[in-house]
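Below is one structure, written out as structure tokens; the observations come after it.
The basis for the numbers below is simple: all heavy atoms, side chains too, and nothing from hydrogens, waters or symmetry mates. Whatever order the structure lists them in is the order used to number ligands and atoms, beginning at 1. Each residue takes its place number in the sequence, starting with 1.
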Amino acid sequence: MTTALYPGSFDPATMGHLDIATRAAAIFDKIVVGVYDAPAKNVLFTTEERVALFAEALHGTPNVEVKSFSGLTVDFARSVNAQVIVRGLRAISDFELEMQMALLNRKMVPSLEVMCFMTSLEYSFLSSSIVKEIVSLGGSIDGMVSDNIAKALKEKYRKLKESASIPRYLNS
Ligand code: PNS
């Protein structure tokens, strides 16, 4: 049985993330989506919210489980018995960081393979940060995130506007 870990911040998951998770689920026996609890950037959603939102969006994909993790990705991979780390690649601009992470992860745990899935063309322009920016400025995010995530984003910014403080949670 091959288990793959798909780690990320997922603040929140976009259709691009959903696409990678479901495509990976069609190849591996099991996918564990790992929601990193402490990204080096401000997050809009709590760890619990990011897990719940992605899990709900993935509902219906039976071999995918969404969990939060802290610490090193390689340690979490080991704890869930993953042999592979899956990441999505959009453009050349993603490549340098992905290459660095892949090489460092494999330096730490040589037996752990890293596989990058090329984005689907229709999602190549998407990122969590751009989606957050669009929602915060009142634009339409139709087709960019799942319905439950669109609802959660609108609700989050409505509450932030009500409390009259919109921090710059846009850098992820
Ligand atoms: O969605 P992101 O923000 O691109 O995901 C980055 C993530 C969470 C996969 C990466 O920052 C990570 O692996 N963090 C866990 C800590 C870790 O293992 N750092 C060393 C990476 S070589």
Counting from 1, what ligand 1 atoms have a heavy atom of [X] closer than 4.0 Å?
X    : result
T73  : 12 (C), 13 (O), 14 (N), 15 (C), 17 (C), 18 (O)
G71  : 15 (C), 16 (C)
N105 : 22 (S)

**Q.** Smallest separation among heavy atoms of Y6 and G88, with atom names
**A.** CE1-N, 4.3 Å
Q | Which atom of E49 lies closest to which atom of L44, heavy atoms considered | A |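 Smallest heavy-atom distance, with atoms named: OE1-O, 4.5 Å.
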Q) Of V35, L72, L104, which has the heavy atom at the shortest distance from atom 20 (C) of ligand 1? A) L72
Q. Counting heavy atoms only, which of M108, H17, R87 is nearest atom 7 (C) of ligand 1?
A.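 The option holding the nearest heavy atom is R87.
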Q: Answer yes when E162 and K159 have at least one side-chain N-carboxylate O distance shorter than 4.0 Å, and no when they do not.
A: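 No.
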Q) Can a salt bridge be assigned to the pair K151 and D147 using a cut-off of 4.0 Å between side-chain N and carboxylate O? A)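 D147 and K151: not salt-bridged.
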Q) Identify the closest protein heavy atom to atom 3 (O) of ligand 1: which residue and atom is it, and at what distance? A) S9 OG, 2.6 Å
**Q.** Residue, atom name and distance, where the atom is the protein heavy atom closest to atom 10 (C) of ligand 1
**A.**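 The closest one turns out to be M101 SD, 3.9 Å.
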Q) Could you walk me through whether D11 and K132 pass the salt bridge (charged side-chain N to carboxylate O under 4.0 Å, His left out) check? A) CA-CA 9 Å; D11 184 45; K132 285 182 279 188; 2.8 Å; yes
(Q) Test of understanding: given a 4.0 Å heavy-atom threshold, classify the contact between K41 and ligand 1 as side chain, backbone, both, or neither. (A) side chain
Q: Before giving the answer on side-chain hydrogen bond (donor to acceptor under 3.5 Å, both in side chains), spell out for R50 and S9 the whole-Å C-alpha distance, their side-chain angles and the decisive distance to 0.1 Å.
A: CA-CA 8 Å; R50 288 180 281 135; S9 306; 5.3 Å; no
